[in-house]
Amino acid sequence: ILMKKKFNLLLIIFILINQISHANTNQIFFTQSKEKFENNEIEDSKFLFQRDIVFNPKNAKSYLYLAKIYNYEKDEKKEIKNLNTTLLLDPNNEEAIYLMINIEIKKSNFNEVKKLMKNFSLICKNFCDKIDSIEENLKNIEPKNET
């Protein structure tokens with residue numbers, strides 16, 4: 001019985017160490033990816049963000065950065081896909097909402113912009129200064145009432 005308890009204790013310790021190591025590895029991938037992105041090493045950062053997602057598929061930040069990369073690469077379809085995933089994992093990610101609003105403004109999708117703006121106005125902290133410019137852009141696409 002004593003031997004079994006020692007074995008169980010060692011097993012628990014091993015599992016805990018393995019989980020801590022795995023969590024640190026995930027953070028390292030994201031940190032390296034972000035550094036590459038900030039240094040404009042787009043291809044390397046894209047690869048590392050994708051790798052981070054393999055190990056941590058619920059990391060909304062990696063999807064957000066991939067969306068930014070696809071924006072840079074002018075691949076709107078992949079940009080939108082990654083922004084939608086970001087918002088699925090983190091519905092209150094104001095930067096992702098802001099980026100989606102800009103896409104919908106370009107498409108002149110008035111109804112979608114209004115819907116996104118409603119949520120954005122409620123949750124904004126860092127991007128609140130963008131509300132006025134969004135509303136100004138919105139005026140340019142808003143359907144005119146004909147009387």
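Remember, it's a predicted structure, so these values are computed and weren't measured experimentally.
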Can you name the residues that form a side chain to side chain contact (heavy atoms under 4.5 Å, CB included) with [X], not counting sequence neighbours?
{"X": "Glu43", "result": "Lys46, Glu73"}
{"X": "Leu87", "result": "Asn93, Ala96, Ile97, Met100"}
{"X": "Glu35", "result": "Thr31"}

Q. Are Ile123 and Ile101 in one and the same hydrophobic cluster, where Ile, Leu, Val, Met, Phe, Trp and Tyr link if side-chain heavy atoms are under 4.5 Å apart?
A. yes
**Q.** Single-linkage hydrophobic cluster, 4.5 Å side-chain cutoff, Ile80 and Leu88 together
**A.** no
Using a 4.5 Å cut-off on heavy atoms from C-beta on, say whether the side chain of [Y] contacts that of [X].
{"X": "Leu64", "Y": "Leu83", "value": "yes"}
{"X": "Lys81", "Y": "Glu76", "value": "no"}
{"X": "Phe37", "Y": "Glu41", "value": "no"}

Q) salt bridge (charged side-chain N to carboxylate O under 4.0 Å, His left out): which pairs involve residues 86-101, sequence neighbours left out? A) Lys68-Glu95
Roughly how far, to the nearest 0.5 Å, is the [atom2] atom of [Y] from the [atom1] atom of [X]?
{"X": "Gln32", "Y": "Ser45", "atom1": "CD", "atom2": "OG", "answer": "12.0 Å"}
{"X": "Arg51", "Y": "Ser62", "atom1": "CZ", "atom2": "OG", "answer": "12.5 Å"}
{"X": "Glu104", "Y": "Leu99", "atom1": "CD", "atom2": "CG", "answer": "12.0 Å"}
{"X": "Tyr63", "Y": "Leu66", "atom1": "OH", "atom2": "CG", "answer": "8.5 Å"}
{"X": "Asn82", "Y": "Asn71", "atom1": "CG", "atom2": "CG", "answer": "11.5 Å"}
{"X": "Ile69", "Y": "Ile42", "atom1": "CD1", "atom2": "CD1", "answer": "5.5 Å"}

Q) Got a donor-acceptor contact below 3.5 angstrom from the Tyr65 side chain to the Ala60 backbone? A) no
Q.
I'd like to know if the side chain of Ser33 reaches the main chain of Phe49, judged simply by a donor and an acceptor atom lying under 3.5 Å from each other, with no hydrogens or angles considered.
A. yes
Q.
Taking side chain to side chain donor-acceptor pair (under 3.5 Å) as the definition, give me every residue that meets it alongside Gln50, ordered by chain and number, with sequence neighbours left out.
A. Tyr70
**Q.** Other ILVMFWY residues reachable from Phe47 by side-chain steps of under 4.5 Å
**A.** Leu48
